[in-house]
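Written out below as structure tokens is the structure these notes cover.
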Amino acid sequence: MVKKKVPDWLNSSLWSSTTTTSSYTDRFDHHSSTSASPPIDPPTPPATTGDEQQNPPRHHRNYHPQKPDIREDKHSRSSIVNDSISNYSISNNKIDNRIADNNENSAEDNSKQALLLTELSRKVINMGELRRIASQGIPDGAGIRSTVWKLLLGYLPPDRSLWSSELVKKRSQYKRFKEELLMNPSEITRRLEKTTGIDNDGAKSESRCVLSRSKITHGEHPLSLGKSSIWNQFFQDSEIIEQIDRDVKRTHPDMLFFSGDSSFAKSSQEALRNILIVFAKLNPGIRYVQGMNEILAPLFYVFKNDPDEEMEACAEADTFFCFVELLSGFRDHFCQQLDNSVVGIRSTLTRLSQLLKEHDEELWRHLEVTTKVNPQFYAFRWITLLLTQEFNFADSIHIWDTLLSDPEGPQETLLRVCCAMLILVRRRLLAGDFTSILKLLQHYPPANISHLLYVANKLRGQPSR
């Protein structure tokens with residue numbers, strides 16, 4: 001059998017790119033709503049040496065450096081959020097600057113920001129054009145990423161005139177969810193007492209919040225085992241809530257935005273906790289699966305750092321609905337009963353294997369035939385957690401810009417990115433045995449994200465021959 005050669009484009013050069021207003025919609029209006037958006041051409045890549053990239057190594061998930069942008073940059077949002085919040089937020093400019101190897105905003109970033117602002121200023125946003133621009137990466141500033149992600153996830157409609165009414169409706173709905181689903185059964189009993197008129201004016205003050213034994217129904221009794229019992233459901237939920245609490249406390253321990261004893265970190269943890277509990281109760285078929293907190297974190301971080309004060313204040317509600325939208329395309333991966341179905345995680349892993357075989361059969365054969373390293377040994381976490389554990393937080397957000405922009409849905413782009421991750425380290429994989437390969441892929445090395453996404457985009461084309 002003739003082995004497929006490595007396509008020429010894989011050996012191409014490595015390239016990398018080096019205000020608060022009174023109204024959420026009005027802040028984009030000063031950009032022309034009729035100006036045309038010029039095409040974005042990728043820059044010419046500098047030289048590289050195969051999969052060993054020449055740029056300085058980037059931090060990955062097992063390396064936890066001190067983060068001066070979290071702890072020291074206290075003025076990046078001083079005009080938007082008070083100092084106590086600023087102490088615990090990563091500078092938005094610095095996040096996207098990590099995408100480049102230098103610390104200066106490139107002309108390309110400024111150009112993309114202008115294009116996005118122009119598109120966001122239109123009365124009805126062209127989603128195809130917005131996806132095209134955002135897929136190249138979203139520069140930070142003016143709350144662009146927050147707004148674009150909400151549009152890409154379908155939370156905001158393309159018609160800007162509908163934004164205000166949609167946001168009011170959704171946020172009110174989330175408020176009702178919290179009131180109904182996060183309430184302790186004791187409080188439910190008290191409210192029931194008031195609505196049934198048991199608490200009359202003649203009752204003694206010390207008994208006003210207590211139902212008499214004769215008035216407590218079987219379903220309202222704390223020892224009831226009935227399926228409809230609010231207490232029985234409460235005790236069943238306790239185990240899940242305890243797991244959520246543990247996972248939320250472990251979310252990005254190297255970031256003071258999520259971790260620590262500060263009031264702001266605790267507020268972030270409380271928001272994550274509320275969202276995950278409400279989701280679990282509204283989705284009894286899935287409930288909560290460990291790792292969902294890692295998917296939730298980037299959404300909440302981006303929305304909480306929106307420079308618009310109203311958006312920042314309502315980040316929890318906005319994050320909940322966007323989390324639901326994002327997970328709708330991946331929810332079958334979290335349902336164990338569907339693992340072996342055509343929509344389950346095993347089917348997705350098989351598609352990744354087929355994609356690699358189409359584009360690099362030599363590497364596929366070495367991994368799955370020679371060394372027996374199948375995708376479930378390393379790609380299960382890649383896919384279910386949307387690569388949040390394989391790269392640092394800033395790089396994950398950059399990858400998500402591209403994932404969310406794909407009109408085919410995040411899963412298709414995710415599989416191409418996973419395949420590109422394998423191809424970029426093919427030399428080391430081809431030289432390795434089972435143990436060394438597994439160690440490499442379970443602890444993926446630092447990578448240039450711009451180049452990774454460039455390779456993943458190339459996989460859209462015809463497979464190599």
Side-chain angles (χ1 to χ4, degrees), residues 7 9-10 15-17 40 42 96 99 112 116 127-139 145 148-155 291 294-299 302 322-323 325-334 343-345 347-360 375 378-425 441 444 447-464:
W9 59 264
L10 281 179
W15 62 275
S16 60
S17 61
I40 301 177
D96 278 8
I99 297 172
K112 282 190 289 188
L116 286 168
M127 291 303 299
E129 182 67 9
L130 184 70
R131 291 181 186 278
R132 184 186 70 84
I133 302 170
S135 66
Q136 307 280 334
I138 304 173
R145 177 174 281 114
V148 172
W149 279 19
K150 291 172 185 175
L151 284 161
L152 296 176
L153 287 166
Y155 180 57
E294 301 294 348
I295 299 176
L296 180 62
L299 291 171
V302 168
C322 288
F323 177 69
E325 289 292 336
L326 178 60
L327 223 58
S328 65
F330 297 93
R331 60 181 295 158
D332 294 335
H333 291 166
F334 294 97
V343 295
I345 184 62
S347 176
T348 303
L349 292 170
T350 299
R351 288 165 57 200
L352 173 60
S353 174
Q354 293 170 345
L355 187 64
L356 178 63
K357 184 178 181 180
E358 290 175 4
H359 292 278
D360 194 337
Y378 58 87
F380 182 89
R381 184 179 67 188
W382 292 9
I383 293 171
T384 56
L385 300 187
L386 307 187
L387 299 175
T388 56
Q389 299 298 286
E390 314 315 315
F391 304 98
N392 67 38
F393 193 74
D395 288 343
S396 296
I397 287 180
H398 188 186
I399 291 173
W400 277 34
D401 288 342
T402 301
L403 295 182
L404 301 182
S405 300
D406 196 324
E408 301 176 11
Q411 188 168 120
E412 298 305 315
T413 300
L414 177 62
L415 291 179
R416 286 191 289 268
V417 173
C418 291
C419 186
M421 290 169 63
L422 296 172
I423 292 173
L424 286 182
V425 293
L441 296 181
Y444 195 80
N448 181 286
I449 301 303
S450 294
H451 186 55
L452 173 64
L453 296 176
Y454 169 79
V455 173
N457 186 58
K458 285 291 186 180
L459 297 179
R460 291 177 179 270
Q462 296 295 322
S464 60

Quick one: pull up [atom1] in [X] and [atom2] in [Y] and give me the separation to the nearest 0.5 Å.
| X | Y | atom1 | atom2 | result |
| --- | --- | --- | --- | --- |
| Ile383 | Leu352 | CD1 | CG | 5.5 Å |
| Ile345 | Thr384 | CD1 | OG1 | 6.0 Å |
| Leu415 | Glu408 | CG | CD | 10.5 Å |
| His398 | Asn392 | NE2 | CG | 12.0 Å |
| Leu356 | Cys419 | CG | SG | 5.0 Å |
| Leu152 | Trp400 | CG | CH2 | 12.5 Å |

Minimum side-chain heavy-atom gap [X]-[Y] below 4.5 Å:
| X | Y | result |
| --- | --- | --- |
| Leu414 | Trp382 | no |
| Trp149 | Cys322 | no |
| Leu153 | Leu299 | yes |
| Thr388 | Pro298 | yes |
| Met127 | Pro407 | no |
| Leu386 | Leu326 | yes |
| Pro139 | Leu116 | yes |
| Asp395 | Leu452 | no |

- Query: By side chain to side chain contact (heavy atoms under 4.5 Å, CB included), which residues pair with Ser135, not counting sequence neighbours?
  - Reply: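 Listed in chain order: Ser405.
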
- Message: Tell me every residue that passes side chain to side chain contact (heavy atoms under 4.5 Å, CB included) with Thr413, counting only those two or more places apart in sequence or in another chain.
- Response: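 Scan of Thr413 (side chain to side chain contact (heavy atoms under 4.5 Å, CB included), adjacent residues dropped) gives Thr402, Leu403, Asp406, Arg416, Val417, Arg460.
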
- Between Ser396 and Leu387, which heavy-atom pair has the shortest distance, and what is it?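 That would be OG-O, 3.7 Å.
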
- Query: Which atom pair, heavy atoms only, marks the closest approach of His451 to Asn448?
  - Reply: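 That closest heavy-atom pairing would be N-OD1, 2.9 Å.
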
[Y] backbone acceptor or donor facing [X] side chain under 3.5 Å:
| X | Y | answer |
| --- | --- | --- |
| Asp401 | Ile138 | yes |
| Arg145 | Gly137 | no |
| Lys112 | Gln136 | yes |
| Tyr444 | Met421 | yes |

- Glu412 bridged to Arg351 by N-O distance under 4.0 Å: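 Between Arg351 and Glu412 there is a salt bridge, with a charged N closer than 4.0 Å to a carboxylate O.
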
